[in-house]
Amino acid sequence: MRLSQVFVRCQELAPLIEESCAVDELRQFTALMAKTPVEPCQLLLWKAVRASAQHFAERAGIAIESWPDQAVRPCFGGQQPYVDYYPAVLAKLDALEACRSASVYAFADYAPLGSDPWMARTELPSVSNIDGLLPLKFHRSMQAHRGNDLRFVPPPAPAVLADIWEKLKGMITHTAKWLPQESFSKKAAFARLRALMGDYEEARGRARSAGEFNSLWSARVFHRLGFRLPLVSLSELLARDELLPSIAETLAVFIKRNELFIESINEALRFDSGGDLNFSSKAPGHLPLALADPQSGVRRLLRLKRNGADYLLVSTKGTEEVFNVGRADAGTLEELLRGLVGRWSLDVFTPLFLFRLGIAGIINGRGSIRYSLVLGHVMQRLFGERHAPNLLCSCSPKLSGPFVDAVCRAHGQLPGSLRSREPTLIARLLSSDEARIREEISTSWRDGEQE
């Protein structure tokens, strides 16, 4: 996929695209990565990544890989953990492995439930449903946990997974009635279903929260697809003892130079007359820091206020909490974050913290590449530093496969409910083997580079 396909007004946004170091070709990205300086902090960062990934692999119950002890110019990709995925998400993992650099993929396991439907549900093409879509819900009462930090949402109940199992069995059975046996094997589909549900059940048994459930299931499936790069929980990685001093130091800049931070966001948005960036302006006092409510688990932003010479960090809703961080020196902020481990998290400006930790390149999808144009300007204005090389990696393959074919046969054509949709990972896992799926993922985004 090209930058011009994401940004309709590429010329208008050209200064921000250049400032964010955004490119849409792997070769150009790796060349830019090769030119970035090697920083001493990268060795410390990679040591933390490796240790965090080993712990995460143990939690997920997957084989621990022999990642190098030391690495330079590490590359990053990641997003919220889902219960199902479009190919575009998996393309980022494929690109991370293809860039031939030390790479890590992180699950932002602290996002608020409901901010993205894929954290709790998915829809599959199914001839057993009148409209051609089978909804799968992984939480019976979304309203009870809406807005909660994923670390404060319980994993799906056994009865929920049992219901999903029955629905998928029915989907397979009805599909087999509409297709010849040579084009769809019911027996093979049931075997794949058992493997899929085995990973869900294993993740549920190991998880302490919905954030862990989604992440652990994802890790197990990614491993089955042949991805071998380090996978980590972003909340755990950022809270590691060796990385917290840098996190606190960067946060101190956002606090002490808050007016410039807000000004730089608004400066970037002035380039965007058509809403290509999908980024809202921020009010004075906005901070890239959120905190889960100690009682409800609701994820709430912290805002900056002043009390004389002191800086105050104040919750924006729910249980009011006020943290006086004095002159906001890095040591005070580090102590605060240590005391709030398991509750604090960063927001969309997370990549800036990662760059200052030593991340030398980032893989972004269709959504995150939009944000990166704002982040690049903030990075330059707030820190006087350049955004890391930034690769747009995405794809949008056409909906296909036996479940779609069965729906088309039943309706005589592709129903409106399925038009403009893309294939999902669950549907692929039930109808194809892992090697073929991985090949499809790789081909999808690489073909997009040739457009």
Side-chain angles (χ1 to χ4, degrees), residues 51-67 78-86 89-90 93 104-111 113 118-122 124 134 136-140 145 150-172 187-237 424-435 437-438 441:
S52 187
Q54 287 177 327
H55 177 256
F56 185 83
E58 290 173 356
R59 293 281 301 126
I62 58 179
I64 297 176
E65 303 300 324
S66 55
W67 304 297
Q79 68 163 62
Q80 308 98 320
Y82 290 163
V83 294
D84 194 8
Y85 292 95
Y86 277 146
V89 175
L90 298 159
L93 284 98
V104 57
Y105 190 87
F107 297 106
D109 48 2
Y110 45 70
L113 186 69
W118 285 75
M119 296 177 195
R121 61 172 310 195
T122 186
L124 307 179
L134 173 66
L136 297 180
K137 298 180 180 179
F138 285 75
H139 297 277
R140 282 189 172 162
H145 304 293
L150 283 175
R151 295 171 295 180
F152 291 79
V153 177
V160 171
L161 292 187
D163 182 57
I164 289 172
W165 162 263
E166 292 299 328
K167 286 183 175 179
L168 292 177
K169 278 172 52 179
M171 184 180 83
I172 291 170
K187 180 179 179 181
F190 273 125
R192 292 175 180 134
L193 174 60
R194 286 190 288 272
L196 172 72
M197 295 308 300
D199 283 327
Y200 278 129
E201 289 286 359
E202 192 72 24
R204 189 194 66 79
R206 293 170 175 270
R208 297 162 293 188
S209 68
E212 278 198 340
F213 171 79
N214 290 7
S215 300
L216 299 181
W217 172 77
S218 301
R220 293 178 65 84
V221 172
F222 294 170
H223 198 262
R224 274 210 285 138
L225 291 172
F227 293 108
R228 293 296 182 265
L229 71 167
L231 304 172
V232 300
S233 155
L234 190 55
S235 63
E236 291 184 7
L237 176 66
T424 76
L425 181 57
I426 290 179
R428 281 292 192 254
L429 287 170
L430 294 177
S431 61
S432 188
D433 62 84
E434 287 87 351
I437 295 170
R438 177 69 188 271
I441 293 164

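We number each residue from 1, following the sequence as shown. Fair warning: this is a prediction, and the values are worked out from it, not measured in the lab.
The line from CG of Leu150 to NE2 of His145 is 11.5 Å long, rounded to the nearest 0.5 Å. Within the model, atoms CD of Glu201 and CG of Leu196 stand 10.5 Å from one another, a figure rounded to the nearest 0.5 Å. Note that CG of Leu136 and CE of Met171 are 7.5 Å apart. Values are rounded to the nearest 0.5 Å. Rounded to the nearest 0.5 Å, atoms CD (Gln54) and OG (Ser52) are 9.5 Å apart. The line from CG of Leu93 to CZ of Arg438 is 8.0 Å long, rounded to the nearest 0.5 Å. The distance from the CD atom of Gln80 to the CG atom of Leu234 is 10.5 Å, given to the nearest 0.5 Å.
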Quiz prompt | Trace of the side chain to side chain contact (heavy atoms under 4.5 Å, CB included) decision for Leu113 with Phe152 | solution = CA-CA 10 Å; Leu113 186 69; Phe152 291 79; over 6 Å; no

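Side-chain contact check for Met197 versus Leu168: some heavy-atom pair is nearer than 4.5 Å. For the pair Phe56/Ile62, no side-chain contact is recorded, criterion being any heavy-atom separation below 4.5 Å from C-beta on. Side-chain atoms of Val160 and Asp163, non-hydrogen and from C-beta on, never get closer than 4.5 Å to each other. The closest side-chain heavy-atom distance from Trp67 to Leu229 is not below 4.5 Å.
Closest of all the heavy-atom pairs between Ala120 and Val83 is C-CG2, 3.9 Å.
For Glu434, the side-chain contact (heavy atoms from CB on, under 4.5 Å) criterion is met by Arg224, Leu225, not counting sequence neighbours. Ser235 is linked by a side-chain contact (heavy atoms from CB on, under 4.5 Å) to Asp109, Tyr110, Arg151, Ser233, counting only residues two or more places apart in sequence or in another chain. Remark: Ala63 engages Glu65, His223 in a side-chain contact (heavy atoms from CB on, under 4.5 Å) (not counting sequence neighbours). Under the ring-ring contact (aromatic ring centres under 6.0 Å, His included) criterion, Phe227 pairs with no residue, sequence neighbours left out. For Ala188, the side-chain contact (heavy atoms from CB on, under 4.5 Å) partners two or more places apart in sequence, or in a different chain, are Ser185, Arg192.
Of the residues listed (Thr122, Leu425, Thr424), the one engaging Tyr86 in a side chain to side chain contact (heavy atoms under 4.5 Å, CB included) is Thr424, and it is the only one.
Within 6.0 Å of atom NZ in Lys137, 12 or fewer heavy atoms from other residues, nucleotides or ligands are found, so the atom counts as exposed in its surroundings.
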Show me the side-chain donor-acceptor pairs of residues 209-216 shorter than 3.5 Å, one per line, residues at least two apart or across chains.
from	atom 1	to	atom 2	distance (Å)
Ser209	OG	Gly211	N	3.4
Ser209	OG	Glu212	N	3.2
Glu212	OE1	Arg59	NH2	2.8
Glu212	OE1	Arg208	N	2.8
Glu212	OE1	Arg208	NE	3.2
Glu212	OE2	Arg59	NH2	3.4
Glu212	OE2	Arg208	NE	3.1
Glu212	OE2	Arg208	NH2	2.4
Asn214	ND2	Pro81	O	3.1
Asn214	ND2	Met119	O	2.9
Ser215	OG	Gly211	O	2.7

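In terms of modelled atom types and a separation under 3.5 Å, the side chain of Asp84 and the main chain of Ile426 share a donor-acceptor contact.
Relative orientation of the Trp217 and Tyr85 rings is parallel, given thresholds of 30° and 60° on the angle between their planes.
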